J.: 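This is the structure I have questions about; it appears just below.
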Amino acid sequence: MHEPVDANADLLTPPVLSIGGVTKRFGPLTVLDRCSLDVAEGEIVTLLGPSGCGKTTLLRCIAGFWAPDAGTITIDGADTVRVPVNRRPVGVVFQSYALFPHLTVAKNVAYGLRMRGMAKADIAARVARALETVALSDFAGRYPAQLSGGQQQRVAIARVLVLEPRVLLLDEPFNALDAKLRGAMQVDLRQLIKRLGITAIFVTHDQEEALTMSDRIAVMRAGRIEQLAPPEEIFDHPATAYVADFIGSSNFWQSHAEGGRVNLPDGQSAPSHRAGDVTIMVRPHNLAIRPGEDGPLKGAVGFQRNIGALVEYHVATDGGGTVRVMAMRQERGRSIADGTRVTLSILDPNLCAVYEPQ
Amino acid sequence: MSSATALPPRGMLRIATDATLDKLLSGRGIWPAVPAIVVLAAVAVIPFGILLSLGFSDIAVERGAIISQTFTLDYVRTALADPLTFTVFQRSMVLALSTMLLCLFFGYPVAYLFLIGGPWVRRLILVLTIAPLLTSGIVRTYAWLVILGGRGLVNNTLIEIGLIERPLRIINTHWAVLIGMAQIHLPVMILPLIAVMSRHDRRLDEASANLGASRLGTLVNVILPLSVPGIGTGAALVFTISYTTFVVPQLLGGGNYLNAATMIYEQVVYSLEWSKGSVSSMILMATCLVVLVFIALITNHFTRWTKGREA
């Protein structure tokens, strides 16, 4: 098993949100297992993982909808676990937005201020400013059902931003949007959060969303944080085979390491910090493909598809298994036809990752 | 040549017939409703027409059959001028409206419990709400006779704990009728409320709490406004059955408790004044409709947000 990730790595300022060893069980099921995570001022941290990995549970514990069975949650150094849900300085943007259908856009945004007993005139001014921030001033009098999905999302964001929360929690906020709108909204939302300097936790199962939105990504698996690092590091140096498999596509081989070197399937070798049986991971774009049979890693092209400027080949290797290769598509050049015998080689052996055997 | 243009070609006629047949067989348009319309006409519209005609005419009855009928406005005029009419309908109205409010007062907390409760609480509430409906209203009314009677449960308990010395006279009063009606009609209020609550999106409550609302704040600002359709339906149903109820006032109010239904019963069955009874029925129906329209208007006012959904 992996040790819990050290959460306090290289934070310069004291964390706004600090989660220490949070555990949550539902009956015999441990949904969160000693999760620790520190989030700095103005940082966007993504909880990334498949459904059931505990990311939403952690979010609900931070928001206060559920109480953790063990562990601490502090905001600005103050213990938050015992603070009731309606007194936490935390704003949640729900997956389906949970806008009040019986209230207009302006009243939805005003709701939190009204609950805090603010004067009517102040509420109106702040609501107007919040709606301006999300470019919805013209829709103040509409009901949520009269808005598009993207507009509803902006109302949900304005509704919590108007309260100036210390931590913004976003639970898969792009799920309800169609694919085309999603990309644009991701960029917009990240820019908005960055412009306002809000500390945010973002939950998603979509790696592309995570890579777009985050300053750091926490990849979660079975209630634990498997790796916590900036997007580039997660992508380039996945800490475990699980992370490598989850982020981007990967090829895995079983191999043997000895004397600080590991044998690669194409006959080359790479440095290894492990010894004995290992799993090696090679990204599809770190493989070269050429027709003919002049190397140890041979196979036949089984399937190919164009992805814009790239071609992805699925090569059935002679040793069994399918290897994915990503290659630049040659201009006017012909790609390698299905069924062709090909040889694969690793472009840069130093970029191969070595993990414990699986 | 000329005959061919004057008549539609044979093929076309056949298509037209097929379409009609197809419509009939596939049950499109108004056709599926025809059996219901026929039954309603036979058992509701026609008798109602007869009832209406009785109110506007002088009739002579011989051995249970009408032998002559002449038009007159006398009965309508007399009924409207009679102070007893006003008293009885006012009493019925007050009784029905207070039953409605009592049912709402006791029913809403049950519905709220249903909303926040787990699956077992929900099941229990559903069973406890529906079970009384499986027994006859008359049986439940008799049960109240036992409970509220001179030596009934209520009086015995009150005497034993020393609050009163002699049994209170509850039975055969307005209060007995009100208590009995509120209890017997309570499920009719709870069921539409539960229907609304079971569709309620609990994430809205979480959002409300996250935005700083207390449980009470969420109840008042989110749950209550969104359950207005259930309140409207429940109120309309309870009002209608309470306003027109016969059994409960007859049994718990004693022989002389007169509400609209018991009055009509006496006019038709004892005094055999069918025309009088007909006029009273029409007043009952008209006033009931007025209140129902009023309830509908209020419900509409509080559910404006459901209108104009098109973006």
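Because the structure is predicted, anything quoted here is derived from the model rather than measured. Hydrogens, waters and symmetry mates play no part in the numbers below; they use all other heavy atoms, side chains included. Just so we're on the same page: letters track the sequence lines, and every chain starts at 1.
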J.: Would you say Phe26(A) has more than 12 foreign heavy atoms packed within less than 6.0 Å of its CZ?
T.: yes
J.: Does atom CG of Leu128(B) have more than 12 heavy-atom neighbours from other groups under 6.0 Å away?
T.: yes
J.: Chain B heavy atoms under 4.5 Å from Leu169(A): which part of the residue, side chain, backbone, both or neither?
T.: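 Nothing of Leu169(A), per the 4.5 Å heavy-atom cut-off to chain B.
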J.: Is there a side-chain contact between Trp305(B) and Pro144(A), using heavy atoms and a 4.5 Å cut-off?
T.: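 No - every pair of side-chain heavy atoms lies 4.5 Å or more apart.
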J.: Would you mind checking which part of Arg87(A) comes under 4.5 Å of any heavy atom in chain B, side chain (CB onward), backbone (N, CA, C, O), both or neither?
T.: neither
J.: Other residues, nucleotides and ligands only: do more than 12 of their heavy atoms fall within 6.0 Å of CZ on Phe302(B)?
T.: no
J.: Please list, in residue-number order, every residue in residues 53-71 of chain A that has a heavy atom less than 4.5 Å from any heavy atom of chain B; write 'none' if there are none.
T.: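 Interface residues of residues 53-71 of chain A: Arg60(A), Phe65(A).
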J.: More than 12 heavy atoms of other residues, nucleotides or ligands under 6.0 Å from CE of Met285(B): is that the case?
T.: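 Incorrect, the count does not exceed 12.
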J.: Listed by residue number, which members of residues 195-204 of chain B have a heavy atom under 4.5 Å from any heavy atom of chain A?
T.: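 Listed by number: Arg203(B), Leu204(B).
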J.: Who in residues 210-226 of chain B is close to chain A, using a strict under-4.5 Å heavy-atom cut-off?
T.: Asn210(B), Leu211(B), Gly212(B), Ala213(B), Ser214(B), Gly217(B), Thr218(B), Asn221(B), Val222(B), Pro225(B), Leu226(B)
J.: Give me the contact list for residues 120-131 of chain A versus chain B, heavy atoms only, anything under 4.5 Å, ordered by residue number.
T.: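 If one takes a 4.5 Å heavy-atom cut-off, no residue of residues 120-131 of chain A lies near chain B.
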J.: Between Arg114(A) and chain B, which part of the residue has a heavy atom less than 4.5 Å away: side chain, backbone, both or neither?
T.: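 Just its side chain gets close to chain B.
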J.: Would the number of heavy atoms belonging to other residues, nucleotides or ligands and lying under 6.0 Å from CZ of Phe105(B) be above 12?
T.: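 No.
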J.: Report the option among Leu113(A), Val92(A), Val85(A) that has the most heavy-atom pairs separated by less than 4.5 Å from atoms of chain B.
T.: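 Heavy-atom pair counts peak at Val92(A).
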J.: For Thr303(B), is it the side chain, the backbone, both or neither that has a heavy atom under 4.5 Å from a heavy atom of chain A?
T.: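 Interface part for Thr303(B): neither.
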